[in-house]
Amino acid sequence: MVLACSACASGGNRTFNQEADLVIIGAGPAGLAAAVEAADRGVKRILILEKMPYLGGTAFVSHGLLAGYETQITKALGIHDTEEALYALLNENAEYRLDPMMARITVRQSGPTIDWLIDRIKVPFLPATRRGYGSPTMMHTIEGGGQGLREPFIRVLEEGGIPVLFETRATKLIRSAEDRIIGVEAVSGGKTLAIGAKAVVVATGGYSANNRLAEVLDPFYRDVLQTGLSSSTGDGLIMASAAGAGVSSTRLLSLDFKDYEIITAHNGSSDAANCNPIMSAPGVIYLNPQGLRFMNEKNLGFMFQRLGEPFFREMHRTNSPFLWAVVDQETFTAVSAKRGLNLEYLNAAGPGELASLMGITPQVLEDTLAVYNLAAAAGRDEEFNRPAATLKPLSGRLYAVKFAPVLGITYGGLLKNEKAQVLRLDETPIEGLYCAGEVSASTAWMGWTLSSCFSWGRIAGASAAEFIRGGA
Ligand SMILES: Cc1cc2nc3c(=O)[nH]c(=O)nc-3n(C[C@H](O)[C@H](O)[C@H](O)COP(=O)(O)OP(=O)(O)OC[C@H]3O[C@@H](n4cnc5c(N)ncnc54)[C@H](O)[C@@H]3O)c2cc1C
């Protein structure tokens, strides 16, 4: 059936297959929170479009850890972290690259959001919090991890009569002649639908499964590998920018460092390619494909994120898709390194033999290790300034693994304001368009992601409801 969209009278002669007051694109935490909040504020005809056949996006496969303070859980435990302490920690971890006002909102809303998940959605949380991402005891854990969100949200959607159109991929935001957003084009069962709406929330998640987009947004990340959930392809970013939205902070993404051979040639899963024990071992050294050190291996940053810069620089400089991590027997044993898929790490009795296995000129690796061992023995790394306390000569059997950076969570995205309105680069809002979650820019950093997706989803839902009622 083709309907005229009464909400879109000034949208010209456009006809729609379906009408809603509010269309939400994406049924992850940001989209779900937006839907429930808008419904609770009186919006009647809400429609969620979800391109996958299941609910929950990345959140339902996540670890279900949410940062927050002064929640009913922390209050019961007598824990009283403050906004200032957590805001300072978030900024320090993100190295001051977040928008201060938006990060402040993320922190401020974190406690109310966890209480809302408990009271409104009936999400079960463990009755304890723990440290993580810093010293405050702020990490709340959903019972059963991200899966613990599933049943409660299904129930709330059913109770509220909020439909989800599964396997329906939004492809385009429909604009009126006045440049307002008046609907969404989507593809379902091979057919293109035009859905009219008074407002649209884009909540399509990040682009960790779209390394080409990461490269388009910042060529520094060319050749980055991808392991994200297959739905995280940046659709919302592409759609909204085509409708005039500004995009910001796209260098801000979290990187994991994976076993290159498993993640590529062996087509391993992200878990099988985990080489963290070696990558983060106290005695590790990193080498380029020629067998040369290129950095202070201990300039790690929060959760190793500062490593991305020197790694990509060296990979681009040497035109190599991978780098090497090397440890000695003592370190290898101490970190109990086990390679995925029952593979063995390259290992050899000494540098010459190891170099042959690595495809490196033996003399080069022998010289690299000799220079490093002299520096370690002297407690002074003149080449790269690695701190003396972290220098330890490599001896005995040697182990090596090829590694490469892979995309984790993407923190750059659509520009938005404190009402979650999507902004153009001149900071004017695009009327009728809201966004929340990983599709949007720089309101969170590791540890805060999920709580910020729920918080900003609620803000987007509330703002859209106000707009639909005829407010700003
Ligand atoms: C393994 C793993 C564990 C994690 N654990 C944690 C954790 O413990 N704590 C934490 O804070 N963060 C964690 N994260 C990050 C967190 O889960 C995500 O950042 C968060 O779920 C993003 O929420 P979102 O709503 O923005 O997007 P998503 O959860 O990705 O949801 C977006 C939804 O939009 C849909 N969609 C996309 N494009 C379209 C389209 N064109 N049309 C229709 N639908 C579309 C997708 O299919 C998806 O369902 C983890 C991430 C991973 C990968």
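If you're wondering where the values come from, they're calculated on a predicted model, not measured in any experiment. Indexing begins at 1, ligand by ligand and atom by atom, following the structure's order.
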Checklist entry - At what distance, to the nearest 0.5 angstrom, does CZ of Arg45 lie from NZ of Lys198? => result 5.5 Å
Checklist outcome for this item: Closest to atom 7 (C) of ligand 1 (heavy atoms only, candidates Leu65, Asp256, Val164) is Leu65
Checklist entry - For ligand 1, which atoms have a heavy atom of Gly437 less than 4.0 angstrom away? => result 26 (O)
Checklist entry - To the nearest 0.5 Å, how far apart are CD in Gln109 and OG in Ser452? => result 11.5 Å
Checklist entry - If you measure from CG on Leu117 to CZ on Arg458, what distance do you get to the nearest 0.5 Å? => result 8.0 Å
Next on the checklist: In this structure, does ligand 1 have an atom that sits under 4.0 Å from one of the heavy atoms of Leu229?
Outcome noted: no
Item to check | Ligand-side contact atoms (ligand 1) for residue partner Ser231, heavy atom cut-off under 4.0 Å | outcome: 37 (C), 46 (C), 47 (O)
Next on the checklist: Quick test of your reading of the model: are Arg469 and Glu466 salt-bridged, counting only N-O distances below 4.0 Å?
Outcome noted: no
Next on the checklist: We want to know whether Thr106 and Trp456 form a side-chain donor-acceptor pair, criterion being a heavy-atom distance below 3.5 angstrom.
Outcome noted: yes
Item to check | Polar atom proximity, Gly64 to ligand 1 (N or O, under 3.5 Å) | outcome: yes
Item to check | Contact check: Ala30 vs ligand 1, nitrogen or oxygen atoms, below 3.5 angstrom | outcome: yes
Next on the checklist: Check for me whether Lys402 meets the cation-pi criterion with Tyr260, that is, NZ or CZ under 6.0 Å from the six-membered ring centre and within 45 degrees of the ring axis.
Outcome noted: no
Checklist entry - With a 6.0 Å cut-off on ring centres, are Phe311 and Tyr286 close enough? => result yes
Next on the checklist: Need the ligand 1 atom indices (1-based, order shown) with element for anything under 4.0 Å from a heavy-atom of Met52.
Outcome noted: 47 (O)
Item to check | Aromatic ring proximity, centroids under 6.0 angstrom, Tyr399 and Tyr345 | outcome: no
Next on the checklist: Does only the side chain of Pro29 get under 4.0 Å from ligand 1, or the backbone, or both, or neither? Count heavy atoms.
Outcome noted: both
Next on the checklist: Below the 3.5 angstrom mark, is there an N/O of Asp235, backbone or side chain, next to an N/O of ligand 1?
Outcome noted: yes
Item to check | ligand 1 versus Ala203: contacting region, heavy-atom distance under 4.0 Å | outcome: backbone
Checklist entry - For atom 21 (O) of ligand 1, which of Ala59, Gly57, Gly31 has the closest heavy atom? => result Ala59
Checklist entry - Side chain, backbone, both or neither: which part of Ile25 comes within less than 4.0 Å of ligand 1 when only heavy atoms are counted? => result side chain
Next on the checklist: Counting only nitrogen or oxygen atoms and a 3.5 angstrom limit, does Ser451 reach ligand 1?
Outcome noted: no
Checklist entry - Should you measure from each heavy atom of Ser62, which atoms of ligand 1 turn up under 4.0 Å away? => result 3 (C), 4 (C), 5 (N), 6 (C), 17 (O), 50 (C)
Checklist entry - With a cut-off of 4.0 Å, which atoms of ligand 1 are near a heavy atom of Thr168? => result 42 (N), 43 (C)
Item to check | Test item: side-chain donor near acceptor, Glu438 and Thr410, under 3.5 Å | outcome: yes
Checklist entry - Passes ring-ring contact (aromatic ring centres under 6.0 Å, His included), Trp324 versus Phe403? Steps please. => result CA-CA 6 Å; Trp324 289 100; Phe403 68 86; 9.0 Å; no
Checklist entry - Can you list the residues that meet the ring pair (Phe, Tyr, Trp, His ring centres under 6.0 Å) rule with Phe312, with sequence neighbours excluded? => result Phe220, Tyr221, His316
Checklist outcome for this item: One finds that the ligand 1 atoms under 4.0 Å from a non-hydrogen atom of Arg169 are 41 (N), 42 (N)
Item to check | Option nearest atom 53 (C) of ligand 1 (shortest heavy-atom distance, choices Leu32, Ile24, Thr449, Thr58) | outcome: Thr58
Item to check | Nearest-option assignment for atom 37 (C) of ligand 1, heavy atoms, candidates Thr204, Leu66, Val187, Thr141 | outcome: Thr204
Checklist entry - With atoms numbered from 1 as shown, which atoms in ligand 1 lie under 4.0 angstrom from a non-hydrogen atom of Gly28? => result 25 (O), 29 (O), 31 (O), 33 (C)
Item to check | Separation between CG of Leu77 and OG1 of Thr129, rounded to the nearest 0.5 Å | outcome: 5.5 Å
